[in-house]
Visitor: 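Before I ask anything, let me first share the structure, which is written out below as structure tokens.
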Amino acid sequence: MARKSLVAANWKMHKTISEAVKFVEELQKLVESLDDREVLIVPPFTALHAVGNALNRGDFFLGAQNCFWEEKGAYTGEISPVMLKDVGCSYVLVGHSERRNIFGETDEMISKKVKALLRAGLSPVLCVGEKLEEREAGQTFQVVERQLKEGLLDIDVQSLAKIVIAYEPVWAIGTGKTASPAQAQEVHTFIRSTIEKISGDKSVAEGLRILYGGSVKPDNVDELMKEPDIDGLLVGGASLEVSSFKRIIEYR
Ligand code: 13P
């Protein structure tokens, strides 16, 4: 089954509102209309509303970088899935390694966020990936399997079909060290088979989009996207400039 690929710009803690709007206005003019791929812009919370208003193409979507799991209440500083839906998001990143490692997010917290997003009608982009010491100790599959099983605990098959997985090896994020296409493909295949096991449904696993993230650049994107189980990209640093992100969207 052909999966439509998804190319996502995770801007992390970068760009003011005016910088963000200028970026999407320029980018949308420069990229030709896409039929086999979709673009996801994931700005900081402060720019979501303005970027959402500036998006004017059917192949461009808005996403957020994080959320809380409650709908509303006395949770100073948090943002709920309902609010993200309200501002126009379609996707929300969950369990990014920076959330796990800098802010102490656990698989249990991530699982609550995944469920809350699905309740609000949003698609979670669940990020998984091993640290360098885990890879060197031969624990990559074990770590990724635990993150998938615990992050997706008690999710029914229909909801699993709405989820996107992003494989981001921690050692490749912001380091300039990309996983080789073969290394990424190996883990993507493992993720797809794990989802088949969790869901008990081959078609859900086959329809699942699995993105690769970690030092994706214009000069390595084409090789990565040739792998059969890499269905898109989650791009940090190289998504901050229009010219490099445009080239990544236009992988060939
Ligand atoms: P870099 O592309 O800067 O390595 O970041 C990857 C990432 O964390 C995207 O979510």
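Predicted model only: the values in this text are computed from it and were never measured. Each ligand, and each atom within it, is numbered from 1 in the order the structure gives.
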Visitor: If you have a sec, work out which protein heavy atom is nearest atom 5 (O) of ligand 1 and how many Å separate them, to one decimal?
Guide: Lys12 NZ, 3.3 Å

Visitor: At a 4.0 Å threshold, what atoms of ligand 1 neighbour a non-hydrogen atom of Gly214?
Guide: 4 (O), 6 (C)

Visitor: Is it true that the side chains of Gln65 and His96 contain a donor and an acceptor less than 3.5 Å apart?
Guide: no

Visitor: Sequence neighbours excluded, which residues qualify as side-chain contact (heavy atoms from CB on, under 4.5 Å) partners of Glu134?
Guide: Glu130, Lys131, Gln139, Val143

Visitor: Which one of Pro169, Gly174, Ala238, Gly236 has a non-hydrogen atom at the shortest distance from atom 4 (O) of ligand 1?
Guide: Gly174

Visitor: So, Arg192 side chain and Leu208 main chain: donor-acceptor pair closer than 3.5 Å or not?
Guide: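 Yes, the answer is positive, given that a donor and an acceptor are paired below the 3.5 Å cut-off.
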
Visitor: Using a plain distance cutoff, I'd like to know if His96 has any nitrogen or oxygen under 3.5 Å from a nitrogen or oxygen of ligand 1.
Guide: yes

Visitor: Under 4.0 Å from a heavy atom of Ala172: give me the atoms of ligand 1 that qualify, with their elements.
Guide: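 That gives atoms 4 (O) of ligand 1.
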
Visitor: Applying salt bridge (charged side-chain N to carboxylate O under 4.0 Å, His left out), name anything that partners Arg146, two or more places apart in sequence or on another chain.
Guide: Asp107

Visitor: Looking only at protein heavy atoms, which one is nearest to atom 3 (O) of ligand 1, and what is the separation?
Guide: Gly237 N, 2.8 Å

Visitor: Below 4.0 Å, non-hydrogen atoms only: which portion of Asn10 touches ligand 1? Side chain, backbone, both or neither.
Guide: side chain

Visitor: At their closest point, which heavy atom of Ile155 faces which heavy atom of Ser159, and how far apart are they?
Guide: CG2-CB, 3.5 Å

Visitor: Please list the nearest protein heavy atom to atom 9 (C) of ligand 1 with its residue and the distance rounded to 0.1 Å.
Guide: Glu168 OE2, 2.9 Å

Visitor: Is it the case that the side chain of Ser5 and the backbone of Gly232 share a donor-acceptor pair, with hydrogens and angles ignored and the cut-off at 3.5 Å?
Guide: no

